[in-house]
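Within every chain, numbering begins at 1; the chains are lettered A, B, ... in the order of the sequence lines, protein sequences first and strands thereafter.
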Amino acid sequence: MNYWLFKSEPSDYSFDDLINDKETPWEGIRNYQARNFIRDKVQVNDNILFYHSNIKTPHVVGIAKVSSEAYPDYYAFDKSNKYYDPKSTKENPRWFMIDVQPVKKLNKIVTLEDIKNNTNLKDMVLVNRSRLSIQPVTKQQWEMIINMSS
DNA sequence: GCCAACGTTGGC
DNA sequence: GCCAACGTTGGC
């Protein structure tokens, strides 16, 4: 069982959108490190912290879970899609997706500031390599953030 | 809206 | 294979 943090811009796709949709393909991963995580490491039922980025107060907003194995990102094959990538083919796909489902909204959001102010969380990837959009979270970090959200 | 950090591209 | 140029992310 692994723990992850997935970032999304709420104007693009928010946690409430996920609750409404019940499930969504996590589309548009175009970064090799993030791709490697979802292709090689992410497993069905892994836990996800859903993070709202690129807003005034960035924060963890909810818990989600992985609901599919990785599969080729079909948007990369679609010329009319903004995620089209001519270098990704059906024979040799470059990009992958997984599906995610909502689990629950946190009672209270945990802001980036809260996380930065907690010395137990100083090693979080979010703090040190903030640009990575899919990042591993340790069990200890996961539990700490869940504690902070109640 | 700015800009630092950093990932990717492509010429050489 | 280096590295300059360029594009994107995301906090502030």
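Of the residues in residues 124-133 of chain A, those placing a heavy atom less than 4.0 Å from an atom of DNA chain C are A:Ser130, A:Arg131, in numerical order. Within residues 74-97 of chain A, no residue approaches DNA chain C, by heavy-atom distance under 4.0 Å.
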For residues 143-150 of chain A, which side-chain N or O atoms pair as donor and acceptor with protein atoms under 3.5 Å away, sequence neighbours left out?
residue  : atom : partner  : partner atom : Å
A:Glu143 : OE2  : A:Lys139 : NZ           : 2.9
A:Asn147 : ND2  : A:Glu143 : O            : 3.4
A:Ser149 : OG   : A:Ile146 : O            : 2.7
A:Ser150 : OG   : A:Asn147 : O            : 3.1

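Grouped with A:Trp95 in one hydrophobic cluster are A:Tyr32, the linkage being side-chain heavy-atom contacts under 4.5 Å among Ile, Leu, Val, Met, Phe, Trp and Tyr residues. Hydrophobic side-chain contacts under 4.5 Å tie A:Tyr75 into a cluster, directly or through other members, with A:Tyr71, A:Tyr74, A:Phe77, A:Tyr83, A:Met97.
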Audit row: A:Asp16, A:Lys105, salt bridge (Lys or Arg N to Asp or Glu O under 4.0 Å) steps and yes/no: CA-CA 9 Å; A:Asp16 286 339; A:Lys105 205 163 180 167; 2.8 Å; yes
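Where A:Gln33 and A:Asn54 meet DNA chain B, the nucleotide closest to each residue was compared, and A:Asn54 sits on the side nearer the 5' end.
Applying ring pair (Phe, Tyr, Trp, His ring centres under 6.0 Å) to A:Phe6 and the options A:Tyr51, A:Trp26, A:Phe15 leaves one that passes, A:Trp26.
Contact annotation for A:Lys7: backbone-only contact, meaning every heavy-atom pair under 4.0 Å involves sugar-phosphate atoms and none involves a base.
Boundaries of the chain A contact region on DNA chain B are B:dA5 to B:dT8, first to last in 5' to 3' order (nucleotide atom under 4.0 Å from a heavy atom).
Using a 3.5 Å distance cut-off with no hydrogens or angles, the side chains of A:Thr111 and A:Asp114 do pair a donor with an acceptor. Between the side chains of A:Thr24 and A:Asp21, no donor-acceptor pair of N or O atoms lies under 3.5 Å.
The existence of a salt bridge linking A:Arg30 and A:Asp73 is confirmed by a sub-4.0 Å separation between a basic side-chain nitrogen and an acidic carboxylate oxygen. A:Lys41 and A:Asp46 are not joined by a salt bridge, as no carboxylate oxygen comes within less than 4.0 angstrom of a charged side-chain nitrogen.
Of the possible polar contacts, one joining the A:Ser8 side chain to the A:Tyr13 backbone as a donor-acceptor pair under 3.5 Å is found.
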